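In what follows, a structure is listed as structure tokens, so that the remarks can point back to it.
Keep in mind that the numbers below use all heavy atoms, side chains included, and drop hydrogens, waters and symmetry copies. All of these numbers come straight from a predicted model, not from anything done at the bench. Chain identifiers are assigned alphabetically (A, B, ...) following the order of the sequence lines, protein sequences preceding nucleic acid strands; residue numbering begins at 1 within each chain.
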There are 2 protein chains.
Amino acid sequence: MPTRARPSVASRKQPKQARSTQLVADILTAAAQVLARDGAHRFTTTRVAEKAGVSVGSLYQYFPNKEAVLFRLQHDEWTATAALLDRILSDAALAPCDRLRKAVREFFRTEWEEARMRRALGDAAPYYRDTPEATRHRQAGRRALQAFMRQAVPSLGGARRAVAADLIGMTLGAVGKSVSETAASPAQVDRYARAAADMLCAYLQRLSA
Amino acid sequence: MPTRARPSVASRKQPKQARSTQLVADILTAAAQVLARDGAHRFTTTRVAEKAGVSVGSLYQYFPNKEAVLFRLQHDEWTATAALLDRILSDAALAPCDRLRKAVREFFRTEWEEARMRRALGDAAPYYRDTPEATRHRQAGRRALQAFMRQAVPSLGGARRAVAADLIGMTLGAVGKSVSETAASPAQVDRYARAAADMLCAYLQRLSA
DNA sequence: GAAAAATACGAACAATCATTCGCCTTTTCC
DNA sequence: GGAAAAGGCGAATGATTGTTCGTATTTTTC
């Protein structure tokens, strides 16, 4: 696995014509399929290009390196997940605890549905984990959860609230990952989601008391 | 990264003389150092052998492949962690909740102290994750936690108790990992440990109610 | 002390992969 | 319609790595 200079994971150049836009889309679709089918271990640019019906050279015209493809996939996942959680957690029509319930359930479900690709993306994390873009995503997630916590436990001091928000975020992400790798059926996913929600709600109530 | 036939991760042959026993020990020490220093990405048998002051050929006399070295490292970690948690969680002198507190604190601390190697071992998980030995370890962990839960919430039905035990296990492991990768100081580790213990205890009490 | 068993060695082999670059084709723009 | 820009191609390159195997050394056995 040769490692050369790392031009970050930013895009190399923007597609300007319709066919190149399609080409990038094809590459991303193929990348997701290769990741799910062959695993992070066998995720190679050649294989992705082949699956997409495209040449390797073309791939490198829009992605500076392999990491960039993986990061783009993860980026899209993060964006979708962030939108989902943001929508649920800021829904003032529901009590904080109910929002959490709903968030856990929806999140666990989507994680489980794409379990194979998520797992492979997790395995590939070392490739993109430490990029500035990844850090920015994590920060955005933290802020969203802290905003939620301000509504859920307004009486709690800022420092302790921040720790609690981090803990909930970690639990959501980490347990979600565990569940999606462990659970065998949607029913089982829901059982774990219910249990996790019970736990988080119990924690929330203890914090407000 | 060539992948050939996989002779599992079992030992290839047992050292019979003193010098070979020492050689295996040197290899494992070197492996831990290489993992911590260079990361899973650059963990190669050649590098390990070099660091150990030993030839690659010798390494392959006692380990069937690279995975086996990694698995052995993880195996030793698991064994130590299991002993630690078992000891704490079965200490009848403490209330269940206090055992959990102590377990979380101790576990988070040891995770954090070896953060670099743990993270790299986590990155290397795809190499050994699906071996029967790994499954056996996970099963043992589950059983220990279920035994604890029988004492902590005896009134709860078996099925729900099993789900709760799994959830606590996932939370402990997954959040511990997150914390060890995130926390910057022992004080911060303890803050997270306290918060996680609060959460788990609140859950335990809700379950008994 | 000599044959046998165990150990140790490390150059060589066989894959695999990320990435480039010279060349050709298609689209855009005037 | 033709020049220029954008897109597309894929064999070749340069590295790295996991693992083997023939040979040399050390220890054990009798």
Side-chain angles (χ1 to χ4, degrees), chain A residues 1-27 30-31 34-35 38-72 124 126-128, chain B residues 1-27 30-31 34-35 38-72 124 126-128:
Chain A
M1 210 177 287
T3 303
R4 314 200 182 172
R6 291 204 174 188
S8 132
V9 291
S11 256
R12 171 162 281 187
K13 89 181 183 191
Q14 268 349 74
K16 297 194 174 181
Q17 301 179 357
R19 55 176 174 156
S20 51
T21 307
Q22 183 61 47
L23 184 141
V24 169
D26 288 347
I27 288 176
V34 169
L35 208 48
D38 301 348
H41 197 201
R42 282 181 241 292
F43 181 88
T44 72
T45 47
T46 313
R47 241 187 290 261
V48 169
E50 187 182 24
K51 179 95 186 171
V54 149
S55 109
V56 225
S58 298
L59 187 155
Y60 276 91
Q61 212 138 40
Y62 302 99
F63 297 92
N65 48 41
K66 193 174 79 157
E67 284 98 322
V69 183
L70 289 165
F71 178 77
R72 175 67 183 272
Y127 285 118
Y128 56 74
Chain B
M1 214 178 285
T3 303
R4 316 205 178 170
R6 292 203 174 186
S8 130
V9 289
S11 256
R12 172 162 282 186
K13 90 181 181 190
Q14 264 356 69
K16 297 192 174 181
Q17 301 179 357
R19 55 177 174 154
S20 51
T21 307
Q22 182 62 48
L23 185 141
V24 169
D26 288 349
I27 288 176
V34 169
L35 209 48
D38 302 348
H41 197 201
R42 283 181 241 293
F43 181 87
T44 72
T45 47
T46 313
R47 239 185 294 258
V48 169
E50 187 181 24
K51 178 97 186 169
V54 148
S55 110
V56 226
S58 298
L59 186 155
Y60 276 92
Q61 210 135 41
Y62 302 98
F63 297 92
N65 48 42
K66 194 174 80 158
E67 285 98 322
V69 183
L70 289 165
F71 177 76
R72 174 67 183 272
Y127 284 118
Y128 57 74

What N/O pairs connect the protein and nucleotides 28-30 of chain D at under 3.5 Å? Give each pair on its own line.
none

Distance test, side-chain N/O of A/Ser20 to OP1/OP2 of D/dA6, below 4.0 Å = no
message = Can you tell me if B/Tyr62 touches the phosphate of C/dA8, counting only side-chain N or O atoms and a distance under 4.0 Å to OP1 or OP2?
response = yes
Identify every side-chain donor-acceptor pair in residues 18-25 of chain B under 3.5 Å, counting partners at least two apart or on other chains, and give the distances.
from, atom 1, to, atom 2, distance (Å)
B/Arg19, NE, B/Gln17, OE1, 3.0
B/Arg19, NH2, B/Gln17, OE1, 3.4
B/Ser20, OG, B/Gln17, N, 3.3
B/Ser20, OG, B/Gln17, O, 2.9
B/Thr21, OG1, B/Gln17, O, 3.0
B/Gln22, NE2, B/Asp26, OD1, 2.8

Just the rounded figure in Å: distance from [atom2] of [N] to [atom1] of [X].
X: B/Gln61; N: C/dA8; atom1: CD; atom2: P; result: 7 Å
X: A/Lys66; N: C/dA18; atom1: NZ; atom2: C1'; result: 8 Å
X: B/Asn65; N: D/dT19; atom1: CG; atom2: P; result: 5 Å
X: B/Phe63; N: D/dT20; atom1: CZ; atom2: P; result: 15 Å
X: B/Leu59; N: D/dG18; atom1: CG; atom2: P; result: 10 Å
X: A/Gln22; N: D/dG8; atom1: CD; atom2: C1'; result: 15 Å
X: A/Leu23; N: D/dA6; atom1: CG; atom2: P; result: 16 Å
X: A/Asp26; N: D/dG7; atom1: CG; atom2: P; result: 15 Å

key: Set of side-chain contact (heavy atoms from CB on, under 4.5 Å) partners for B/Thr45, sequence neighbours left out   = B/Val56, B/Leu59, B/Tyr60, B/Lys66
Of all heavy-atom pairs between [X] and [Y], which one has the smallest distance, and what is that distance?
X: B/Tyr127; Y: B/Glu67; value: O-CG, 3.2 Å
X: A/Ala40; Y: A/Ala124; value: CB-N, 4.0 Å
X: B/Ile27; Y: B/Val48; value: O-CG1, 3.8 Å
X: A/Ala31; Y: A/Val69; value: CB-CG1, 3.8 Å

inquiry  = Between B/Arg47 (side chain only) and B/Val34 (backbone N and O only), is there a donor and an acceptor less than 3.5 Å apart?
reply    = no
Interface residues of residues 43-55 of chain A with DNA chain C (non-hydrogen, below 4.0 angstrom) = A/Phe43, A/Thr44, A/Thr45, A/Arg47
ask   = If you check every side-chain atom of A/Ser58, which of D/dT26, D/dT19, D/dC9 has the closest atom?
value = D/dC9
message = Of the options C/dT20, C/dA8, D/dT19, whose atoms approach the side-chain atoms of A/Tyr60 most closely?
response = C/dT20
request  = Report the distance from atom NZ of A/Lys51 to atom CG of A/Leu35, rounding to the nearest 0.5 Å.
outcome  = 12.5 Å
request  = Please tell me which of B/Gly57 and B/Pro15 maps to the more 5' nucleotide of DNA chain C, matching each residue to the nucleotide holding its nearest heavy atom.
outcome  = B/Pro15
Which residues share a side-chain hydrogen bond (donor to acceptor under 3.5 Å, both in side chains) with A/Glu50, sequence neighbours left out = none
